[in-house]
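So you know, we letter chains A, B, ... as the sequences are listed, proteins then strands, and number each from 1. These numbers were taken from a predicted model, which means no experiment stands behind them.
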Amino acid sequence: MPMTISEKILAARCGRPQVNPGELVEVRLDFAFANDITAPLAIRVFREAGGERVFDPERVAMIPDHFVPNKDIPSAMQTREMREFALAQGLPHYFEVGRMGIEHVLLPEQGLVLPGDVIIGADSHTCTYGALGAFATGVGSTDLGAALVTGTTWFRVPESIRFLYHGEPEAWVGGKDLILYTIGRIGVDGARYKAMEFAGPLIERLPMSDRFTISNMAVEAGAKVGIIAPDEVTDAYVRGRARRGYTFYRSDADAIYEAVHTWDLSGLEPQVACPHRPDNVRGVSELREVRIDQSVIGSCTNGRLEDLRTAAEILRGRKVAPHVRCIIIPGSPEVFRHALAEGLIQIFVEAEAAVSTPTCGPCLGGYMGILAAGERAVSTTNRNFVGRMGHVASEVYLASPAVAAASAVCGRIAHPGDVAGR
Amino acid sequence: MRIRGRIWKFGDDIDTDAIIPARYLNTSDPEALARHCMEDADPSFAARMAPGDIILAGKNFGCGSSREHAPIAIKGARVGLVVAASFARIFYRNAFNIGLPILESAPAAAEIREGDEVEVDIETGVITDHTTRKTYQAKPIPAFMRELLAAGGLVAYVRRRTQPAGG
C-alpha cells in the first residue's frame, strides 16, 4: 500500500509496515522538549506519573526562551524550577542564557532534531521541524511530562493535504509569503488535525530557512504537522550538524491525500496577515496607508541568518523612521555570531534599530516590545490574535523580514521595492 | 456525570491567547490563572460567571498556543464544561489530559443562546437546553479518550504502566 511521508514515519516508529489515517498509534519518540513556560507543569506531571529518570537524557531538551532573560520574579521562579530539574537529571541539552536560542531555531541548528524523527515539544510551533522531513508536533505539558517518563506518545494518524506550488512570484517573495498565502486560502482551521505536505518546484528551490518558516506556521492553519520531503538542500543542512543517524522518507507517488492544492503563484506579491487572524491575508500593496509604531524582526518563524540578511539588505545605509521602534532579535547565538561577523548587527545599529539577545519575548506579548493601546506593529512572528503583543486594543500585522524592514524605514506598511531594489 | 449551568457564548476560533493571555503565563497556579480566564475575549467573564456555568463556542475553540494553562484556567474557574462546534487539536488533548470535560456539537453551538440554562450528561453526550426545551446529541468521545478518562487522566494511565500491580 502506498503511504505519505507522515504515514511512513509513524509506521516506522510504531513498528508496523503500514498505518492508515484515523488509526491510533503509540510511537517511540526521537526527541522531546519543553520551554520555561511549559516545563514546570510538565515536570510536576513527570513526578506525579512516577518518573524518576527521563527516558533518555540525550533525547530531551529544556530551553528557557520565552520569558528569558527573566522578565520578572515569577518567570525567574519558573525558570529556576526547570534549571534545577535539568541539573538533577543531568540533561546535556539544557541551554542557559548566552547559549540559549529560540527553541525552534536552536534545536535544528544543534543537530538535535533530524529527518525521519518523531518529535513532540510542549510548544505549538514544534511543527517547524517538518521542514527537515520529521513528524513533529506541539503538545501540552501533561503529554510532554508523560512522554518524559515513557519515551512514547500516542497519535491519531492524520489525513494528509498536499500543497504544490509553482510559478514565478515577484522579487522579495519567500517562505513567509507562501505560508501566509496558504493560510489565507484555507483559513485558520483549514487543516485542523491534518498533515500539511508542502511540495512543488517553488519549495524545492527554497533554502532551509524559508522551509522552516513555512512548516512553522502550519499550526496556524490548525495542522498537526507541516512536512517537506527532505532533499539535497536538507542533506546539506543536516550533514555536519546531526548528533545521530537519520532517515529520509518521501511520499509514494500514488499516496492517498484528502486533498491536493496546486497553486500557480506567478506574480504573487509579498503577503501580510492583518489583525486579528493569521488568515486575514492581503497583498502588501493594498496596505501602504497603514502607519506603524513598531517593527519586530525575529522569532521562531523568522529569526534565522537569512532573515537578518534580508533585513540588512533593506536597512543598510537607511534609518528607521523617527516614530518607529524597530526591534531585531537573532534567533540563536549562532545566528548572532554570524550576523556580527557579516556586519549585519552594525547595519542594524547604524539604522537605529534595537538588537536583543535571543528571546521569544515580544511575539507573545511577554516583554521586549509590548504594545500600548492603539499601537500597531508589523512583525515577522506567527500570530496576530487580539492582545497577542500587548494591549487588547493594539494591532499586529504579520509579514516577512523584507516587509518588516521596509515598513520600519517608511513608518508605514511598505513593499520592500518601495525602499530597495532587488 | 451531569452538569447544569448558565451558557456563556463565544464565537469561532477562540484562541488560547484570548483564553489566558501570555502576560499571565509567569505562573501555572490554577486559581491565579482562573482570575484571568477568557479575559481578552470578555474581560468581565471571570468575575461574573458562577461555578458550573458552561462555555459554548463555535468552531476551532482553543486554537493557537499549546499552553495547558488555557484549559487549566477554565477548569480553575470551575467552568462545568466547554461545548464547541469543534476544538483545535492541542487544546482537545490537553483538556482530556487535565480532566476538563469538553463536548463537540455544531447544532448546539449554533442554536443555544447566551444565558440559557443548560444541562449536560457527559457520559451520554445529551445536551438539554431547559430554556428552549430542546436537546442535542454531542459527538461521541473517541474510545481511547474514554479509556483515558476512565483511568483518571493521562497521569494515572502512565502510572499504571510504570508501576505494575504489586510492584
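For chain A, no part of A18(B) is nearby; none of its heavy atoms comes within less than 4.5 Å. With a 4.5 angstrom heavy-atom cutoff, L25(B) touches chain A via backbone and side-chain atoms both. Looking at S86(B), both its backbone and its side chain come within 4.5 Å of chain A, counting heavy atoms on both sides. Contacts of L364(A) with chain B are made by both backbone and side-chain atoms, with heavy-atom separations under 4.5 Å. For D40(B), the parts lying under 4.5 angstrom from a heavy atom of chain A are both the backbone and the side chain. Contact annotation for F67(A): only side-chain heavy atoms (C-beta onward) come within less than 4.5 Å of a heavy atom of chain B. Neither the backbone nor the side chain of R156(A) comes within less than 4.5 Å of any heavy atom of chain B. At a 4.5 Å heavy-atom cutoff, the contact between Q78(A) and chain B is made by side-chain atoms alone. Of the two parts of V188(A), the backbone and the side chain both hold a non-hydrogen atom closer than 4.5 Å to a non-hydrogen atom of chain B. For chain B, the nearby parts of V386(A) are the backbone and the side chain; heavy atoms of each come within less than 4.5 Å.
Nearest approach of S66(B) to A122(A), heavy atoms of both residues: OG-C, 3.6 Å. When every heavy atom of G140(A) is checked against every heavy atom of I90(B), the shortest pair comes out as N-CG2, 3.9 Å. Nearest heavy-atom pair, G222(A) versus R89(B), reported as atom, atom and distance to 0.1 Å: O-CG, 4.4 Å. Closest non-hydrogen pair, K71(A) versus R23(B), comes out as NZ-O, 4.3 Å. Here the shortest heavy-atom pairing between R159(B) and E48(A) reads NH1-O, 2.6 Å. Scanning all heavy atoms of the two residues, the minimum distance from M145(B) to W154(A) falls at SD-CH2, 3.6 Å.
Per-residue heavy-atom pair counts under 4.5 Å with chain B were compared for G138(A), G50(A), G145(A), G121(A), and the maximum is reached by G138(A). Listed options G64(B), A156(B), C63(B), A88(B) were ranked by heavy-atom pairs under 4.5 angstrom with chain A; first place goes to G64(B). Counting heavy-atom pairs closer than 4.5 Å to chain B, the top residue among L41(A), T38(A), L24(A) is L41(A). Counting heavy-atom pairs closer than 4.5 Å to chain A, the top residue among T16(B), D12(B), N94(B), I72(B) is N94(B). Interface summary for chain A: among V158(B), N60(B), D13(B), the most heavy-atom pairs under 4.5 angstrom belong to N60(B). Among T137(A), I370(A), T79(A), V219(A), the residue with the largest count of heavy-atom pairs under 4.5 Å with chain B is T137(A). Of the residues considered (H66(A), K224(A), E220(A)), K224(A) shows the highest number of contacts with chain B, using heavy-atom pairs under 4.5 Å.
Using a 4.5 Å cut-off on side-chain heavy atoms (C-beta onward), P74(A) and T27(B) make no contact. Using a 4.5 Å heavy-atom threshold, the side chains of N97(B) and V139(A) count as separate. Within the 4.5 Å cutoff, side-chain heavy atoms of H69(B) are placed close to those of I37(A). Using a 4.5 Å heavy-atom cutoff, the side chains of T142(A) and V155(B) are in contact.
Shown here is E31(B), whose CD atom has no more than 12 heavy atoms of other residues, nucleotides or ligands within 6.0 Å. Atom CZ of R83(A) has more than 12 heavy atoms from other residues, nucleotides or ligands within 6.0 Å. More than 12 non-hydrogen atoms from other residues, nucleotides or ligands lie less than 6.0 angstrom from NZ of K9(B).
Atom CG of N26(B) sits about 4.5 Å away from atom CG of D72(A), to the nearest 0.5 Å. Note: R67(B) CZ to S141(A) OG = 11.5 Å, rounded to the nearest 0.5 Å. Going from atom OG1 of T150(A) over to atom OH of Y157(B) covers 10.0 Å, rounded to the nearest 0.5 Å. Distance CG/L144(A) to CD/E68(B): 9.5 Å, rounded to 0.5 Å. The CZ atom of F385(A) sits 6.5 Å away from atom CG of D17(B), with the distance rounded to the nearest 0.5 Å.
Of the charged side-chain nitrogens involved, at least one lies within less than 4.0 Å of a carboxylate oxygen, so that R93(B) and D143(A) count as a salt-bridged pair.
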**Q.** Chi angles and distances behind the side-chain contact (heavy atoms from CB on, under 4.5 Å) call for H125(A), S65(B)
**A.** CA-CA 8 Å; H125(A) 292 108; S65(B) 153; over 6 Å; no
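Using a distance-only test at 3.5 Å, with no hydrogens or angles considered, no donor-acceptor pair links the side chain of R388(A) to the main chain of P21(B).
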